[in-house]
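Ligands are counted one by one from 1 in listed order, and the atoms in each one are counted from 1 as well.
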Amino acid sequence: MAKKTVRDIDVAGKRVLVRVDFNVPLEDGRITDDRRIREARPTITYLIDRGARVILCSHLGRPRGQVVESLRLDPVAARLGELLDRPVRKTNEVVGPPVQAAVAAMKPEEVLLLENLRFHAEEEANDPAFARQLAALADIYVNDAFGAAHRAHASTVGVAQYLPAVAGFLMEKELLHLGAILDRPTHPFVAILGGKKVEDKIPVIRHLLARADAILLGGAMSYTFLRARGLEVGKSLVEPEMVGLAGELMEEARRREVAFELPVDVVVAQSPEGGPTRVVPVELLPPDWMGVDIGPRTREQFIDVVKRAGTIFWNGPMGIFEVDAFADGTTALAQAMAETSATTVVGGGDTAAAVEEVGVAERITHISTGGGASLEFMEGKVLPGVAVLNDR
Ligand code: ADP
Ligand code: MG
């Protein structure tokens, strides 16, 4: 069911608590990728323009219920201030008297950022008292943190019990694009999956088997499927306990007449860090080598499918793209995604980073800001942070 958004409520003069996803990568206290902050801007600007008092909250990293100095949100407040071209005040606490005082002092159009939510164990525990404390700061709750919507935490689920709860524009955009490819894809609908963690991706493949016309597999996870076909894959990453399930999925693909393509050739190396490479057909993978990228023939085949697709969903790099010599498959695929006229949707943190690195992000229809959240959505799950928002 469609959820209410900030457009459906009157926010003028109101105190609006906005859960954003400012969980950005940091190196030595510097933000290395501010995409998530930039993506939150439309909602924040909209609220400012309508005279709301904007109270932002987010988690950052995994402080596990303790104050971790390096995970304070000060660099985020500074970057947001630059992006909005206005001061963004920040509290050093998440809840409590100093925060209440800071909120009480706010004027319309002002922006305040609370400290890292996960400095309190109550956040991840979805503690009702903590959720009530957060809710007491505001008149309205907005969830714009798609990337955290698969978690039932105090700031994503608990707080919605006490306030009118609506979606922000980023949340709306994510649900629209990801929902459209599941509900009404233009065919042929092609899903490309790679990367690691077969266990996380199997439910996605299962759900997509009922919808997609073709599923292409690359990356580390493809070796578990090649094993299931009875091939020897040398030192390539295999999740042995997943081989049985992989075989069952390929059987189901046959039954449903969904094209299921595995690599036909791969780039192999003796170390995941680099060194000499060879290209071999998958049937001839040498015992002491490991697959680190899809090979040129596989690349051609995958690109050919991409060119003829109406809709493409891509999660997971085709190889160890962090190493330049193993990045050709991922790069070629990102370029093919940019060139096709199909609707293209990318999910997953590493895949999004790869697409950015290749420099084609602007030419992808939608790059999800949610890693785990986008995968759980593609599994067909209702995300708890979405479920609690008010229906239209
Ligand atoms: P995403 O974050 O997009 O969901 P994953 O986290 O599942 O993607 O997978 C990304 C990781 O998979 C990358 O770090 C990449 O190096 C690794 N990877 C891809 N192919 C291989 C491979 N053949 N062997 C080992 N690791 C691989
Ligand atoms: Mg990842």
Acceptor/donor pairs from residues 231-241 side chains to any protein atom, 3.5 angstrom cut, sequence neighbours excluded:
from: Ser236; atom 1: OG; to: Val233; atom 2: O; distance (Å): 2.7
from: Ser236; atom 1: OG; to: Gly291; atom 2: N; distance (Å): 2.9
from: Glu239; atom 1: OE2; to: Val198; atom 2: N; distance (Å): 2.9

Going through the distances and angles, do Thr298 and Asp265 end up as a side chain to side chain donor-acceptor pair (under 3.5 Å)? CA-CA 6 Å; Thr298 306; Asp265 62 346; 2.5 Å; yes
For residues 169-186, the salt bridge (Lys or Arg N to Asp or Glu O under 4.0 Å) pairs (sequence neighbours left out) are Arg7-Glu172, Glu39-Lys173
Would you say CD of Glu251 has more than 12 non-hydrogen atoms from neighbouring residues, nucleotides or ligands within 6.0 angstrom? yes
- Message: Hydrophobic clusters here meaning ILVMFWY residues chained together by side-chain heavy-atom distances under 4.5 Å, can you tell me if Ile140 and Leu134 are in one?
- Response: no
Report for the Mg ion (ligand 2), protein N, O or S closer than 2.8 Å, by chain and number, lists Asp350 OD2
Nearest non-hydrogen protein atom to atom 27 (C) of ligand 1, with distance, is Ile320 CG1, 3.6 Å
Where does the angle between the aromatic ring planes of Tyr46 and Phe169 fall among parallel (under 30°), tilted (30 to 60°) and perpendicular (over 60°)? perpendicular
A student checking ligand 1 against Gly291 at a 4.0 Å heavy-atom cut-off should list atoms 22 (C), 23 (N), 24 (N)
Mind checking whether Lys196 has an N or O less than 3.5 Å away from an N or O of ligand 1? yes
Rounded to the nearest 0.5 angstrom, the CG-CZ distance for Asp21 and Arg36 is 4.0 Å
Heavy atom of Gly349, distance to ligand 1 below 4.0 Å = yes
Numbered in order shown, the ligand 1 atoms found under 4.0 Å of a heavy atom of Thr351 are 1 (P), 3 (O)
Problem - Step-by-step side chain to side chain donor-acceptor pair (under 3.5 Å) determination, Arg19 to His59 - result: CA-CA 9 Å; Arg19 175 51 158 109; His59 76 282; 3.1 Å; yes
Result for salt bridge (charged side-chain N to carboxylate O under 4.0 Å, His left out) between Asp139 and one of Arg15, Arg53, Lys14 points to Arg15
Checking side-chain polar atoms at under 3.5 Å, does Asn390 have a donor or acceptor matched by the opposite partner on Lys3?
no
So the atoms of ligand 1 within less than 4.0 Å of a heavy atom of Tyr223 turn out to be 23 (N)
Does a donor on one side chain and an acceptor on the other come within less than 3.5 Å for Thr344 and Thr365? yes
Numbered in order shown, the ligand 1 atoms found under 4.0 Å of a heavy atom of Gly319 are 15 (C), 18 (N), 19 (C), 20 (N), 21 (C)
Open item on the list: With a sphere of 6.0 Å drawn around CZ of Arg62, does it hold more than 12 non-hydrogen atoms of other residues, nucleotides or ligands?
Closed with: no
Counting from 1 in the order shown, the ligand 1 atoms closer than 4.0 Å to a non-hydrogen atom of Ala220 are 19 (C), 20 (N), 21 (C), 22 (C), 23 (N), 24 (N), 25 (C), 26 (N), 27 (C)
If we number the atoms of ligand 1 from 1 as shown, the ones under 4.0 Å from a heavy atom of Asp350 are 1 (P), 2 (O), 3 (O), 5 (P), 6 (O), 8 (O), 10 (C)
Atoms of ligand 1 under 4.0 Å from any heavy atom of Gly219, numbered from 1 in the order shown, are 20 (N), 23 (N)
shortest atom 15 (C) of ligand 1-to-protein heavy-atom contact is with Glu322 OE1, 3.6 Å
Residue pairs meeting salt bridge (Lys or Arg N to Asp or Glu O under 4.0 Å), one or both in residues 299-323, sequence neighbours left out, come to Asp304-Arg308
Contact region, Val292 to ligand 1, non-hydrogen atoms below 4.0 Å, reads backbone
For atom 4 (O) of ligand 1, the closest protein heavy atom turns out to be Asn315 ND2, 3.2 Å
- Backbone or side-chain N or O of Met318 under 3.5 Å from ligand 1 N or O: no
Logged contact type for Leu237 with ligand 1, heavy-atom cut-off 4.0 Å, is side chain
Phe260-Phe225 aromatic ring centre distance below 6.0 Å:
yes
For Lys201, the ligand 1 atoms with a heavy-atom partner under 4.0 Å come out as 4 (O), 5 (P), 7 (O), 8 (O)
